[in-house]
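Input: a single structure, listed below in structure tokens.
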Number of protein chains: 2
Amino acid sequence: MQALAIRLKEKGLKATPQRIAIYKYLEDSKDHPSAETIYRTLRESHPTMSLATVYKTLDSLKKAGLLQQLNVGEDSFRYDADTHPHPHIQCVQCTRVFDLDPALLQNVSSEIRQTTSFQVLSQQVYFYGVCPDCQGSQREAVND
Amino acid sequence: MQALAIRLKEKGLKATPQRIAIYKYLEDSKDHPSAETIYRTLRESHPTMSLATVYKTLDSLKKAGLLQQLNVGEDSFRYDADTHPHPHIQCVQCTRVFDLDPALLQNVSSEIRQTTSFQVLSQQVYFYGVCPDCQGSQREAVND
DNA sequence: ATCTGTGCAAACATTTTGCATAGGT
DNA sequence: ACCTATGCAAAATGTTTGCACAGAT
């Protein structure tokens, strides 16, 4: 992950093990984990890392434009290394969050601009439903 | 507002002055206020009403299907007496939240169902931008 | 040597809860 | 009289902050 270290430094951020681990975990997993989940998972490889560092790092990476914060409506935020605006869908049964195709909303912004004269800048779009895995089977909530 | 009292009782809820005031305020204003804003506003007419009552009432009304909770991404929730699913847009300058036409997303749910096999149940859709009033003029954040 | 990042603990803000009292039916 | 709703205070939760130390350049 040399590329990440470079991108961090471009943003004036030091490439510390904690930051690399957090970003890498976010990038690899498609789990959209919360700060708490990140903390619990990375504790194994980084036993001294504190929860405050996780929050501070997530904040730094967000400000540097390297990740986005999701507000699915739970008690806590989730984080996504994919900074392209795209809708998400959460399964109300297993609570997992999945990405949706950005094309779903591609003409909505311009339509809003035309009908409301709003200058549209960004979006947060969440759908809720039952995922294929949970349809039929009554699976439990998953930790992601 | 006799109709409201009846609707409350249909849901097994007592039609107390506090509940009526909160619901009426929500219904009349298109402000999508937070619990705190509701509290501060209704304090004038209901000086003894506590913040806890506002929260409890909002929870009861939500469970009764008489309002919906919005999660615009601020520290606190906002509330909407219009329970029909519809997108919202927030002005990043004055922080006001406006309703958008539900038709904007009318075919998105079925498209999601087709492409992901998700059974879509609900949605939370927020756009962000600069409202017509704030374009050009640098207005301050409004309390709503 | 400087300067940023980390880790710990305390602080913070919103929301929830417990419990005694008030008020409606 | 009963039973739910209210109001107050305390608790709970996720997140932020202050500060001293560690680590990198």
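Reminder, nothing fancy here: chain letters follow the sequence lines and each chain counts from 1. The model shown is predicted, which means the values in this text are computed figures rather than measured ones.
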Pair B:Y79, B:Q68 - check side-chain hydrogen bond (donor to acceptor under 3.5 Å, both in side chains), show working.
CA-CA 6 Å; B:Y79 297 86; B:Q68 65 172 312; over 6 Å; no

Which sits closer to the 5' end of DNA chain C, A:P17 or B:S76, going by the nucleotide each is nearest to?
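Closer to the 5' end of DNA chain C: A:P17.
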
First encountered from the 5' end of DNA chain C, between B:A15 and B:A35:
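So the residue in question is B:A35.
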
Value in whole Å for how far the [atom2] atom of [N] lies from [atom1] of [X]:
X: A:L51; N: C:dG7; atom1: CG; atom2: P; result: 11 Å
X: A:M49; N: D:dG23; atom1: CE; atom2: C1'; result: 17 Å
X: A:H46; N: D:dA22; atom1: NE2; atom2: C1'; result: 16 Å
X: B:K14; N: D:dC2; atom1: NZ; atom2: C1'; result: 9 Å
X: B:N71; N: C:dT15; atom1: CG; atom2: P; result: 10 Å
X: B:K63; N: C:dT15; atom1: NZ; atom2: C1'; result: 13 Å
X: B:L70; N: C:dT15; atom1: CG; atom2: P; result: 12 Å
X: B:K56; N: D:dT4; atom1: NZ; atom2: C1'; result: 11 Å

Closest nucleotide among C:dT15, D:dA5, D:dG7 to the B:Q18 side chain:
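Ranking C:dT15, D:dA5, D:dG7 by closest atom to the B:Q18 side chain puts D:dG7 first.
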
From C-beta outward on B:A52, which listed nucleotide comes closest to its side chain: C:dT17, D:dC3, C:dT25?
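Per side-chain heavy atoms of B:A52, the pick is C:dT17.
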
Would you classify B:T53 as touching base, sugar-phosphate or nothing, given that sugar-phosphate means primed atoms plus P, OP1 and OP2, and contacts are heavy atoms under 4.0 Å?
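Since a base atom lies under 4.0 Å of B:T53, the category is base.
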
What's B:E36 touching, base or sugar-phosphate or nothing? Going by heavy atoms closer than 4.0 Å.
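Since no nucleic acid heavy atom lies under 4.0 Å of B:E36, the category is nothing.
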
If the cut-off is 4.0 Å, is [X] near the phosphate of [N], judged by side-chain N/O to OP1 or OP2?
X: A:Y55; N: D:dT15; result: yes
X: B:T16; N: D:dT6; result: yes
X: B:S50; N: D:dC8; result: no
X: B:T48; N: D:dG7; result: yes

Please confirm whether the backbone N or O of B:M49 pairs with a side-chain atom of B:Q18, one donor and one acceptor, at under 3.5 Å?
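Not a single qualifying donor-acceptor pair exists.
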
B:D101/B:H86 under side-chain hydrogen bond (donor to acceptor under 3.5 Å, both in side chains): CA gap, chis, key distance, verdict
CA-CA 7 Å; B:D101 187 351; B:H86 59 283; over 6 Å; no

Is there a chain of hydrophobic side chains (I, L, V, M, F, W, Y, each step under 4.5 Å between heavy atoms) that links A:Y23 to A:L51?
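Yes; tracing contacts between hydrophobic side chains, which count when under 4.5 Å, links both residues.
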
Relative to the ring of A:F118, is the ring of B:F98 parallel (under 30°), tilted (30 to 60°) or perpendicular (over 60°)?
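B:F98 and A:F118: perpendicular rings.
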
